[in-house]
Asks: 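This structure is in structure tokens; I'll ask about it shortly.
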Protein chains: 2
Amino acid sequence: MKSEIQVFREYIRGRRLRRTPEREQILQEIFEIHGHFDVDELHLRLRDKASKVSKASIYRALPLFIDCGLVREVDFSDGHWHYEHVYGHAHHSHLRCLGCGEVLEFEQPGLGCLEAHLAQEFGYRIKGHQLQVHGFCATCQEAE
Amino acid sequence: MKSEIQVFREYIRGRRLRRTPEREQILQEIFEIHGHFDVDELHLRLRDKASKVSKASIYRALPLFIDCGLVREVDFSDGHWHYEHVYGHAHHSHLRCLGCGEVLEFEQPGLGCLEAHLAQEFGYRIKGHQLQVHGFCATCQEAE
DNA sequence: GATGTAATTGAGAATCAATTACAATAATAC
DNA sequence: GTATTATTGTAATTGATTCTCAATTACATC
């Protein structure tokens, strides 16, 4: 399997874009994040490492990472985007607690089959899906 | 089955909130919308009927409707919230075209079973889920 | 290695949906 | 009817994201 930096560099070359230290710093940082992140968090983490990458550059780089399949947008319905490092990870869905915000991951293999079915029924070429389940975790149920 | 206005009035009474013409106008308008809507659209439709309800009131009313199960937030990943009239409708998921923005609905009965499974495995009390599938419709595939 | 080009950058301004403060109004309880 | 307090519209504010613009820099070519 190609390394993620490799995937990104090939993508960059293929599009006549440019390989910059900023983009690679951002990507590197994403690899090191365990779990989900948002732009603010990513920016702070880079700040802490004395990187001067601006938020604007992060906002500009993320669509590239998404486009080449390294990162995925995740919707937690809290008013801004979250992202996750996706390359080489099994596709999964999120179970989110409406009380404390905890997010668990689970696998849902049946959805590949659903995609094939939808492709056939509606004539779509399917690119992906997002499934979120929400509710209250054990702790938050007690607290109610 | 209780009428939707009834559901809402009981909810209002139960919470010691107040029944106002603005809220009922908004709710009434939502019933008459076929399909999905966003705050802007709802506001324009009310304007057209010479209603003076402000956007702020719409923003303030929607969480109430959601809370009493009459309306559901829908995420089309286009930067702002969409909603749909939900009471008495079968739960469904959305298939969205990344090219033209078309949205189709489909039913996915297996997910009720998934919810029960998750409830058991993680100790959650599940409140609901959202599934969106995205890809390119037949027309947009040709255009590429 | 120098040069031209066009992509990329950071900083800050602009945008836009959503929220909030405030004073006026109006729904409910008494 | 009166008091209480939720709700309203208006306008200001917030906060995430996008855009602008001048300066910089990566890459291809000489």
Side-chain angles (χ1 to χ4, degrees), chain A residues 5 8-29 36-68 71-83 101, chain B residues 5 8-30 36-47 49-68 71-83 101:
Chain A
I5 283 282
F8 182 63
R9 288 184 181 168
E10 281 174 23
Y11 170 86
I12 286 292
R13 208 173 326 128
R15 306 255 165 158
R16 304 258 157 70
L17 301 177
R18 287 178 189 173
R19 180 177 149 185
T20 68
E22 288 81 1
R23 287 175 176 167
E24 301 209 341
Q25 274 170 38
I26 297 168
L27 192 51
Q28 180 62 40
E29 192 59 38
H36 314 102
F37 61 92
D38 57 26
V39 169
D40 240 38
E41 196 182 332
L42 190 51
H43 186 233
L44 287 176
R45 287 181 64 125
L46 285 160
R47 265 288 151 83
D48 287 348
K49 299 198 173 168
S51 163
K52 298 219 185 312
V53 183
S54 71
K55 266 194 193 176
S57 293
I58 296 176
Y59 276 112
R60 286 185 283 227
L62 280 169
L64 303 179
F65 302 152
I66 291 169
D67 198 37
C68 63
V71 167
R72 193 160 78 98
E73 285 176 315
V74 187
D75 167 33
F76 290 157
S77 302
D78 67 346
H80 66 280
W81 284 107
H82 295 249
Y83 302 87
Chain B
I5 284 283
F8 183 62
R9 287 183 181 166
E10 281 175 22
Y11 170 86
I12 286 293
R13 208 173 324 128
R15 305 257 165 157
R16 305 258 156 71
L17 301 176
R18 289 179 188 172
R19 179 178 150 187
T20 69
E22 288 81 0
R23 287 174 177 169
E24 301 208 342
Q25 274 169 39
I26 297 168
L27 192 51
Q28 180 62 39
E29 192 58 39
I30 289 173
H36 314 103
F37 61 91
D38 57 26
V39 169
D40 240 39
E41 197 182 332
L42 189 52
H43 185 233
L44 287 176
R45 288 180 64 124
L46 285 160
R47 266 286 150 83
K49 301 198 173 170
S51 163
K52 300 221 186 311
V53 183
S54 71
K55 266 194 193 176
S57 293
I58 296 176
Y59 278 113
R60 286 186 281 226
L62 280 169
L64 303 180
F65 302 150
I66 291 169
D67 198 35
C68 62
V71 168
R72 194 160 76 97
E73 285 177 314
V74 188
D75 167 32
F76 291 157
S77 303
D78 66 345
H80 67 280
W81 285 107
H82 296 250
Y83 302 87

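Just so we're on the same page: letters track the sequence lines, and every chain starts at 1.
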Asks: Select from B:G79 and A:A61 the residue whose nearest nucleotide in DNA chain C is closer to the 5' end of that strand.
Replies: A:A61

Asks: Would you say A:K49 and A:E29 make side-chain contact, with heavy atoms under 4.5 Å?
Replies: yes

Asks: Of the nucleotides C:dT20, C:dA26, C:dG10, which one has an atom closest to the side chain of B:A56?
Replies: C:dT20

Asks: Write down the distance between NZ (A:K55) and P (D:dC19), rounded to a whole number of angstrom.
Replies: 17 Å

Asks: May I ask you to test the A:H80-A:D40 pair for a side-chain heavy-atom distance under 4.5 Å?
Replies: no

Asks: Among D:dT8, C:dA27, C:dA7, find the nucleotide with the atom closest to the side chain of B:E22.
Replies: D:dT8

Asks: Using 30° and 60° as the class boundaries, would you call the ring planes of A:W81 and A:Y83 parallel, tilted or perpendicular?
Replies: tilted

Asks: Could you please name the option among D:dT4, C:dA11, C:dT8 that lies closest to any side-chain atom of A:R60?
Replies: C:dA11

Asks: Could you please name the option among C:dG10, C:dT9, D:dT18 that lies closest to any side-chain atom of A:S54?
Replies: C:dG10

Asks: When we call it a touch if two heavy atoms are under 4.0 Å apart, what does A:R19 touch: a base, just sugar-phosphate, or nothing?
Replies: sugar-phosphate

Asks: Does the plane of the ring in B:F65 sit parallel, tilted or perpendicular to the ring in B:F8? Use 30° and 60° as the thresholds.
Replies: perpendicular

Asks: Quick check: on DNA chain D, is the nucleotide nearest A:H80 upstream (toward 5') of the one nearest A:I12, or the reverse? Name the residue that is more 5'.
Replies: A:H80

Asks: Measure the distance from CZ on A:R23 to C1' on D:dT25 and round it to the nearest whole Å.
Replies: 12 Å

Asks: To the side chain of A:R18, which of C:dA6, C:dA26, D:dT17 is closest?
Replies: C:dA6

Asks: Tell me whether the side-chain N/O atoms of A:T20 come closer than 4.0 Å to OP1 or OP2 in C:dT9.
Replies: yes

Asks: Looking at A:Y59, does any N or O in its side chain come under 4.0 Å of the phosphate oxygens OP1/OP2 on D:dT18?
Replies: no

Asks: Starting at atom CD of B:E24, determine the distance to atom P of D:dA6, rounded to an integer number of angstrom.
Replies: 19 Å

